[in-house]
Amino acid sequence: MKESEEIIKPDSQHFIEQAIEKDLAEGKNGGRIHTRFPPEPNGYLHIGHAKAICLDFGMAEKYGGRCNLRFDDTNPTKEDVEYVDSIKEDIQWLGFTWEDREFYASDYFGKLWDFAVSLIKRGLAYVDDQSAEAISEQKGTPTQPGTESPFRNRSAEESLDLFYRMNEGEFDEGSRVLRAKIDMASPNMHMRDPIIYRILKTPHHRTGTEWKVYPMYDFAHGQSDYFEGITHSLCTLEFEVHRPLYDWFIDQLKTDDYRPRQIEFNRLNLTYTVMSKRKLLELVRDGVVNGWDDPRMPTLCGLRRRGYTPESVKRFVDLIGYTKVEAINDVSLLEYAIREDLNRRAPRVFGVLKPLKVTITNYPSDKVDHMEIENNPEDETHGKRLVPFSRDIFIEQDDFMENPPHKFFRLAPGQEVRLKGAYIIRCTGVVKNGAGEVTEVHCTYDPETRSGGPQADRKVKGTLHWVSAAHALDAEIRLYDRLFSDEDPSGHKDTDPREFLNPGSLTVMKGCKVEPSLADAEPLDRFQFQRVGYFCVDYDSRPGSLVFNRTVQLKDTWQKINK
RNA sequence: UGCUCCGUGGUGUAAUUGGCAACACGCCUGACUCUGGAUCAGGAAAGUCUAGGUUCGAGCCCUAGCGGAGCAACCA
């Protein structure tokens with residue numbers, strides 16, 4: 001009688017949700033929630049960015065707010081429109097939208113300039129004429145305070161004049177910078193009169209040659225947040241020490257109660273790969289992989305080409321959570337996420353990677369039958385398809401052994417197996433080549449055992465996938481393994497991650513045989529090759545020369561037993 | 001010899017905010033199965049980095065230590 005008392009325990013909240021709810025409860029920022037995803041357009045997005053994207057857009061969604069897309073394009077020497085487009089594509093692929101809120105830090109160059117001018121006038125910024133080396137030396141070290149620049153106390157008028165001339169192109173790159181005047185003795189290195197503007201004469205991908213000075217990250221990020229009305233600026237842990245500076249600039253800028261708040265969370269690390277843009281760029285540049293979208297890459301375009309679904313990526317991100325602990329997440333959890341998703345939605349088909357010819361000696365040579373086979377045993381609404389069956393078929397080489405070990409449930413001389421969706425066959429003999437290798441297997445079939453037939457329920461140990469030799473389509477199948485053989489390739493101080501590159505990360509299989517229903521498969525179509533794994537049609541695939549990528553193997557108990 | 005952050009099964013996270021350490025992945029058993037997949041049932045696995053303290057009671061609060069990470073680009 002107490003059914004209604006069942007305890008509905010809300011999902012536990014991570015620390016950022018807790019912080020947001022506390023801000024909401026305290027009535028901060030008028031109850032508004034506004035986040036932003038701020039990539040620098042200098043590379044392709046990877047799964048670590050997906051973690052940030054899911055948080056930024058996810059928090060906005062959950063609390064009825066908005067999330068802006070903002071390109072952090074303050075360094076024209078590294079950035080390019082090529083990246084802008086790919087970033088937008090990847091965010092959309094994940095299923096998030098920024099609607100019309102596509103912004104650029106470069107949109108604010110004017111406002112940022114005005115703010116810098118204001119700081120100079122208030123005696124809070126100055127132009128420093130020293131070299132990068134001199135400034136760096138005066139900065140001190142984490143354990144020693146810095147010393148003040150000889151230009152630190154020059155007049156606001158002089159700094160202002162110089163700052164204007166810097167932007168007119170009068171001075172060379174590196175000859176002068178604008179610095180915030182804070183505290184050269186601060187225990188926080190970032191507060192030791194940080195450089196906020198530098199001279200850069202490379203044209204900017206959006207503003208061209210309009211500017212000769214560009215704001216540094218620290219001078220652009222918080223202020224951009226402020227200009228956009230961002231309430232929660234979520235970023236990764238390494239920016240923790242930047243937060244006092246973020247707050248310092250906001251303090252100089254704010255005019256009322258509104259203020260954006262930076263909160264840091266742990267970056268995503270995955271086992272057996274590298275995640276820094278720099279290292280990924282090197283792999284691409286040096287041809288270690290075939291581009292940013294190589295299916296072995298942890299980039300979103302790589303995962304997409306590999307056959308990952310956006311849902312599986314989001315599910316994975318959801319599983320790992322957000323904390324402040326620097327963790328390394330197991331790729332096998334990612335693989336679990338894609339298997340879970342594809343198990344539910346991927347149509348089953350037959351694909352034979354290493355074909356072994358089987359002749360069913362008592363099956364008429366001119367007969368072709370069509371077997372009706374379910375597309376997905378998990379969900380009968382996926383319907384059925386017809387698969388041609390004939391006297392000559394291919395099975396997987398691994399599914400036959402002349403001298404099988406104990407517990408080998410597959411085909412062997414004298415043994416019976418079921419051909420999935422067709423008949424039970426018995427091996428009656430083998431044909432060998434000169435080297436003594438089995439090149440063909442002879443079997444007989446039992447017509448009574450046809451699926452749905454009178455003897456269909458007869459138990460046999462194994463069920464094999466197969467394709468009719470005359471009807472099968474040739475395919476190239478690319479098998480992928482981990483790019484690195486070490487769990488944490490960048491975790492070794494004195495060893496280049498490349499020392500751990502896995503030479504077998506790509507295996508190209510040619511002459512594979514797949515069932516004819518795959519003739520019209522298009523790039524990115526996903527299938528389960530039954531008993532083998534999940535596969536996805538590659539961009540290189542053409543009608544008549546199909547190419548598949550293996551997304552992930554099926555769990556394979558037999559393989560495990562054999563180890 | 002500084003500052004900031006972080007230490008919970010193998011891994012990633014929880015713990016009603018001071019009240020019986022839980023969940024997922026992985027692993028092991030068994031059942032079922034026309035995928036050695038999936039599914040279902042069960043199991044092993046941490047006593048919360050260490051030492052003190054506060055408290056009736058500490059994973060949670062305090063102190064000290066140990067360990068790890070980040071911080072000295074005119075990168076973000």
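Letters go in sequence order (proteins before strands), and every chain restarts at 1.
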Quiz prompt | Proximity of Phe15(A) and Tyr322(A) rings by center, below 6.0 Å | solution = no

Quiz prompt | Atom C1', compared across A58(B) and G10(B): separation rounded to whole Å | solution = 27 Å

Self-check item: Protein-nucleotide distance (Ile328(A), atom CD1; G10(B), atom P), rounded to Å
Solution: 17 Å

Self-check item: Under 4.0 angstrom between Lys493(A) side-chain N/O and A69(B) OP1 or OP2
Solution: yes

Practice problem: Tell me what Ser131(A) touches on the nucleic acid: a base, only sugar-phosphate, or nothing, going by heavy atoms under 4.0 Å. | Solution: base

Quiz item: Phosphate oxygens OP1/OP2 of U4(B): is one of them under 4.0 Å from a side-chain N or O of Lys324(A)?
Solution: no

Self-check item: Closest listed nucleotide, where the reference is the side chain of Asn329(A) and the choices are A72(B), A76(B), G12(B)
Solution: G12(B)

Quiz item: How would you label the contact of Ala327(A) with the nucleic acid (heavy atoms, under 4.0 Å): base, sugar-phosphate, or nothing?
Solution: sugar-phosphate

Quiz item: So, Phe409(A) and G36(B): ring centres less than 5.5 Å apart, planes less than 30° off, yes or no?
Solution: yes

Quiz item: At under 4.0 Å, does any side-chain N or O of Arg348(A) touch on OP1 or OP2 of U35(B)?
Solution: no

Quiz prompt | Rounded distance [0.5 Å steps], CZ in Arg385(A) versus CZ in Arg348(A) | solution = 10.0 Å

Practice problem: Under 4.0 Å between any heavy atoms, over every strand shown, what does Lys459(A) touch: base, sugar-phosphate, or nothing? Just pick one. | Solution: sugar-phosphate

Quiz prompt | Residue pair Asp90(A) / His49(A), side-chain donor-acceptor N/O under 3.5 Å | solution = no

Quiz item: If the C1' atom of C49(B) is compared with that of G7(B), how far apart are they to the nearest Å?
Solution: 6 Å

Quiz item: Do Glu378(A) side-chain and G37(B) base share a donor-acceptor contact under 3.5 Å?
Solution: yes

Quiz prompt | Nearest-Å distance for atom pair OH/C1', residues Tyr217(A) and C71(B) | solution = 14 Å

Quiz item: So does Ser332(A) get a side-chain nitrogen or oxygen closer than 4.0 Å to the phosphate oxygens (OP1/OP2) of G26(B)?
Solution: no

Quiz item: Taking atom C1' in both G65(B) and U29(B), what distance in whole Å separates the two?
Solution: 44 Å

Quiz item: What does Thr557(A) touch in the nucleic acid at a heavy-atom separation under 4.0 angstrom: a base, only the sugar-phosphate, or nothing?
Solution: sugar-phosphate

Exercise. With side chain to side chain contact (heavy atoms under 4.5 Å, CB included) as the test, would you mind laying out the steps for Thr551(A) and Tyr308(A) before giving the verdict?
Key: CA-CA 7 Å; Thr551(A) 308; Tyr308(A) 275 81; 4.1 Å; yes

Quiz item: Does a side-chain N or O from Thr74(A) land closer than 4.0 Å to OP1 or OP2 of A76(B), or not?
Solution: yes

Quiz item: When you compare U55(B) with U39(B), how far apart are their C1' atoms, in angstrom units rounded to a whole number?
Solution: 49 Å

Exercise. Specify the separation, in whole Å, of atom CG of Leu319(A) and atom P of C23(B).
Key: 16 Å

Exercise. Figure out the NE2/P separation between His242(A) and U4(B), and round it to whole Å.
Key: 16 Å

Quiz prompt | Phosphate-side-chain proximity, Arg198(A) and A76(B), N/O vs OP1/OP2 below 4.0 Å | solution = yes

Quiz item: Is the distance from OP1 or OP2 of U35(B) to the nearest side-chain N or O of Lys555(A) less than 4.0 Å?
Solution: no

Quiz item: Can you check the Ile561(A) CD1 to C28(B) P distance for me, whole Å?
Solution: 10 Å

Quiz item: Within the structure shown, what part of the strands sits under 4.0 Å from Asn42(A) by heavy-atom distance: base, sugar-phosphate, or nothing?
Solution: nothing

Quiz item: Since syn is defined as within 90° of 0, does G53(B) count as syn or as anti?
Solution: anti

Self-check item: Centroid separation Phe71(A) to Tyr104(A) less than 6.0 Å
Solution: yes

Self-check item: Protein-nucleotide distance (Met191(A), atom CE; U4(B), atom C1'), rounded to Å
Solution: 13 Å

Quiz item: Taking only residues two or more places apart in sequence, or in another chain, which ones meet Tyr272(A) in a ring pair (Phe, Tyr, Trp, His ring centres under 6.0 Å)?
Solution: none

Practice problem: Answer with base, sugar-phosphate or nothing: what part of the nucleic acid does Glu40(A) contact at a heavy-atom distance below 4.0 Å? | Solution: sugar-phosphate

Quiz item: Out of Trp113(A), Tyr108(A), Phe109(A), Tyr197(A), which one pairs with Tyr214(A) under the ring-ring contact (aromatic ring centres under 6.0 Å, His included) rule?
Solution: Phe109(A)

Self-check item: Nearest-0.5 Å distance, CD of residue Gln415(A) to CZ of residue Arg426(A)
Solution: 9.0 Å

Exercise. For RNA chain B, list all stems, counting runs of three or more consecutive pairs where every pair is Watson-Crick or G-U wobble with both distances under 3.5 Å.
Key: B:2-7 with B:66-71, B:10-13 with B:22-25, B:27-31 with B:39-43, B:49-53 with B:61-65

Quiz item: Taking 4.0 angstrom as the limit, do Glu264(A) and Arg243(A) come out as a salt bridge?
Solution: yes

Quiz prompt | Under 3.5 Å donor-acceptor pair, Arg339(A) side-chain atoms to G37(B) base atoms | solution = no

Quiz item: A76(B) C1' sits how many Å from Phe37(A) CZ, rounded?
Solution: 12 Å

Practice problem: Determine whether any donor atom in the side chain of His14(A) lies under 3.5 Å from an acceptor atom in the base of A14(B), or the reverse, and answer yes or no. | Solution: no

Exercise. Tell me whether Trp558(A) is stacked on the nucleobase of G36(B), counting only the six-membered base ring and applying the 5.5 Å and 30° thresholds.
Key: yes

